There are 2 protein chains.
Amino acid sequence: MRSDIKPVRPDRTLLRQAVTDRIKTYIIDNRLRPGDSLPTETELCDALNASRSSLREAIKTLSALDIVEVRHGSGTFVGRLSLSSLVESLTFRGLLSPGDDVRALRDLVDVRQLFEEGMAGRIIDRLDEAHVASLERAAAELERCAPGSAPQIKADRQFHRLLMEPLGNQLVSQLTTAFWDVHAIVAPYLGMSSPQEDAEAMAAHRAMVEAARRRDVDAFAAAVVQHYAPVRRRIAAADPG
Amino acid sequence: MRSDIKPVRPDRTLLRQAVTDRIKTYIIDNRLRPGDSLPTETELCDALNASRSSLREAIKTLSALDIVEVRHGSGTFVGRLSLSSLVESLTFRGLLSPGDDVRALRDLVDVRQLFEEGMAGRIIDRLDEAHVASLERAAAELERCAPGSAPQIKADRQFHRLLMEPLGNQLVSQLTTAFWDVHAIVAPYLGMSSPQEDAEAMAAHRAMVEAARRRDVDAFAAAVVQHYAPVRRRIAAADPG
DNA sequence: GGACATTTGTCCGTATGTATC
DNA sequence: GGATACATACGGACAAATGTC
């Protein structure tokens with residue numbers, strides 16, 4: 001009968017939920033860091049009195065949040081705690097309704113501009129020569145590469161990431177990159193950008209670097225506005241309203 | 001042999017990943033909206049040539065991102081696409097290292113302040129009488145309720161949500177609320193706030209409302225700084241550096 | 001390179017709990 | 001309450017990937 005093992009579960013909560021919680025507390029209580037290995041599935045099943053199916057479903061939930069990372073044939077590890085789930089969530093939202101994604105993209109551009117414009121003062125406060133030089137290089141790379149090419153896209157991502165680096169705020173950096181990633185996936189649905197628009201963006205990047213070098217906050221903020229102007233025009237043009 | 005169905009999977013990708021992708025495209029292609037129902041597990045297994053286990057693991061991944069929502073005994077539905085995954089991800093990060101969460105919390109406060117300070121101008125531009133009245137009510141509720149009580153906490157959440165409402169930007173509103181939620185979970189680890197700090201926060205809320213009524217952007221921004229000053233002092237005090 | 005143990009990925013069958021009509 | 005439809009949970013078996021000797 002084995003009635004002593006698992007008589008009933010008077011619990012109201014789902015077993016899977018309880019398992020995910022216990023895995024999270026396991027990581028916290030044992031002071032594990034990203035990359036550290038977790039017990040094997042069999043061991044966890046034992047420890048948590050759950051079947052392998054339930055455990056695996058719990059693991060998949062944590063995996064989606066990058067709290068754990070599973071490697072086939074190797075094991076389960078603490079995840080990098082990236083914002084990949086935010087990216088996936090927002091891109092899906094943007095792709096959900098092609099007619100309505102103008103709104104999602106407009107909201108996103110607002111947020112991206114908020115970050116760079118709102119942080120302008122603090123960025124310039126903390127900027128040093130090395131940072132300016134890095135920005136300079138990224139902007140040059142951006143102008144040298146072919147518009148829309150993979151290296152250029154990579155350089156653009158790098159540029160906006162470097163902008164926030166002087167702040168020393170990991171969350172700001174990661175959010176900035178996450179929003180950039182979402183933008184890069186959703187924006188193409190507005191159609192390819194024209195050469196004029198590309199030139200405008202280039203000029204804006206250059207203006208940001210120049211303003212940063214001169215420690216001119218207002219000029220920097222103005223360059224940020226200039227940078228997002230082309231996308232905003234496209235969004236306005238596609239807006240049914 | 002049924003070799004025509006799925007002879008081998010030359011794919012390098014995991015079946016589970018393929019299933020999650022196909023469910024996402026199913027939702028997008030069929031123009032489903034949050035709350036719409038999805039096929040049952042059995043039907044999905046059939047359609048995607050996957051076993052129940054694989055399908056369920058895929059569903060759990062999508063459920064963690066609030067892309068689908070599962071109701072026991074009822075069925076599977078399109079999720080609300082909330083930012084619950086962001087909240088869970090960031091709270092876990094904040095709780096991961098009690099010694100280091102000062103940094104996580106400081107980063108978070110920076111972002112919260114960035115939103116409210118950076119949006120000050122636009123908020124006041126679009127604010128109307130009804131908005132001011134709502135803020136007034138929330139601030140009054142905040143002062144009437146006992147410090148730390150559930151109604152007060154709820155009122156504080158509501159206040160910061162209402163602040164962003166005039167912008168008409170759903171993403172900003174949801175991010176603001178998400179960051180508030182994380183803050184509410186992580187901040188208590190710094191210890192209870194003192195009556196003086198509570199009074200300071202109250203005064204800041206009131207100052208924001210007054211500044212909004214007078215359309216005084218600078219005063220509004222100053223009130224935002226004042227609002228986060230107590231937490232910042234606590235963070236600085238707890239900072240080992 | 002090859003053999004082998006370890007670990008996760010996938011499948012199946014069955015029983016139980018839950019919501020809806 | 002009963003019947004039905006559906007998700008939850010269990011356990012066993014084999015496949016595939018990884019790492020090691």
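In this text, all values refer to a predicted model and were calculated from it rather than measured experimentally. Each chain gets a letter, A, B and so on, in the order the sequences are listed, and its residues count up from 1.
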Return the value, rounded to whole Å, for the distance between atom [atom1] of [X] and atom [atom2] of [N].
| X | N | atom1 | atom2 | answer |
| --- | --- | --- | --- | --- |
| B/Asp46 | C/dC12 | CG | P | 11 Å |
| B/Leu44 | D/dA7 | CG | C1' | 13 Å |
| A/Arg71 | D/dG19 | CZ | C1' | 13 Å |
| B/Gln17 | C/dT10 | CD | P | 10 Å |
| A/Leu38 | C/dT6 | CG | C1' | 16 Å |
| B/Lys60 | C/dG9 | NZ | C1' | 17 Å |
| A/Glu69 | C/dT7 | CD | P | 17 Å |
| B/Leu14 | C/dT8 | CG | C1' | 9 Å |

Listed nucleotide nearest any side-chain atom of [X], set [options]:
| X | options | answer |
| --- | --- | --- |
| A/Val70 | D/dT8, C/dT8, C/dT10 | C/dT8 |
| B/Thr40 | D/dA7, D/dC10, C/dC11 | D/dA7 |
| A/Ala50 | D/dA7, D/dC10, C/dG9 | D/dC10 |
| A/Ser51 | C/dG9, D/dG11, D/dT8 | D/dG11 |
| A/Ser53 | D/dT8, D/dG11, C/dG9 | D/dG11 |

Less than 4.5 Å apart, side chain to side chain, heavy atoms only: is that true for B/Arg103 and B/Asp107? yes
Do A/Val78 and A/Arg33 make a side-chain contact, defined as non-hydrogen atoms from C-beta onward lying under 4.5 Å apart?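 Side-chain contact under 4.5 Å: no.
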My understanding is that a pair needs two contacts under 3.5 Å, Watson-Crick or G-U wobble. By that rule, which nucleotide pairs with C/dG1?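 Partner of C/dG1: none.
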Please determine if a side-chain N or O atom of [X] lies less than 4.0 Å away from the OP1 or OP2 oxygen of [N].
| X | N | answer |
| --- | --- | --- |
| B/Arg16 | C/dT10 | yes |
| A/Arg52 | D/dG11 | no |
| B/Ser74 | C/dT18 | no |
| B/Arg56 | D/dA7 | no |

For a quick check of understanding: with a heavy-atom distance under 4.0 Å over all strands, which category does B/Thr76 fall into, base, sugar-phosphate or nothing?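 Sugar-phosphate contact only - B/Thr76 comes under 4.0 Å of backbone atoms but never of a base.
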Of B/Glu41 and A/Ser54, the one whose closest nucleotide on DNA chain D sits nearer the 5' end is B/Glu41
Quick check: on DNA chain D, is the nucleotide nearest A/Gly73 upstream (toward 5') of the one nearest B/Gly75, or the reverse? Name the residue that is more 5'.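 Closer to the 5' end of DNA chain D: B/Gly75.
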Does either side chain, that of A/Asp156 or that of A/Gln152, offer a donor lying less than 3.5 Å from an acceptor on the other one? no
Quiz question: by atom type and distance under 3.5 Å, do the side chains of B/Gln174 and A/Arg93 form a donor-acceptor pair?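 A/Arg93 and B/Gln174 do have a side-chain donor-acceptor pair below 3.5 Å.
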Give the C-alpha distance, both sets of side-chain angles, the deciding distance and a yes or no for side chain to side chain contact (heavy atoms under 4.5 Å, CB included) between B/Leu62 and A/Phe92. CA-CA 11 Å; B/Leu62 295 174; A/Phe92 184 81; over 6 Å; no
Among B/Arg112, B/Arg157, B/His160, exactly one meets side chain to side chain donor-acceptor pair (under 3.5 Å) together with B/His183. Which residue is that?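 Testing each of B/Arg112, B/Arg157, B/His160 against B/His183, the sole residue satisfying side chain to side chain donor-acceptor pair (under 3.5 Å) is B/Arg112.
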Is any side-chain N or O of A/His72 under 3.5 Å from a base N or O of C/dT8, one able to act as donor and the other as acceptor?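 Under the 3.5 Å cut-off, the side chain and the base do form a donor-acceptor pair.
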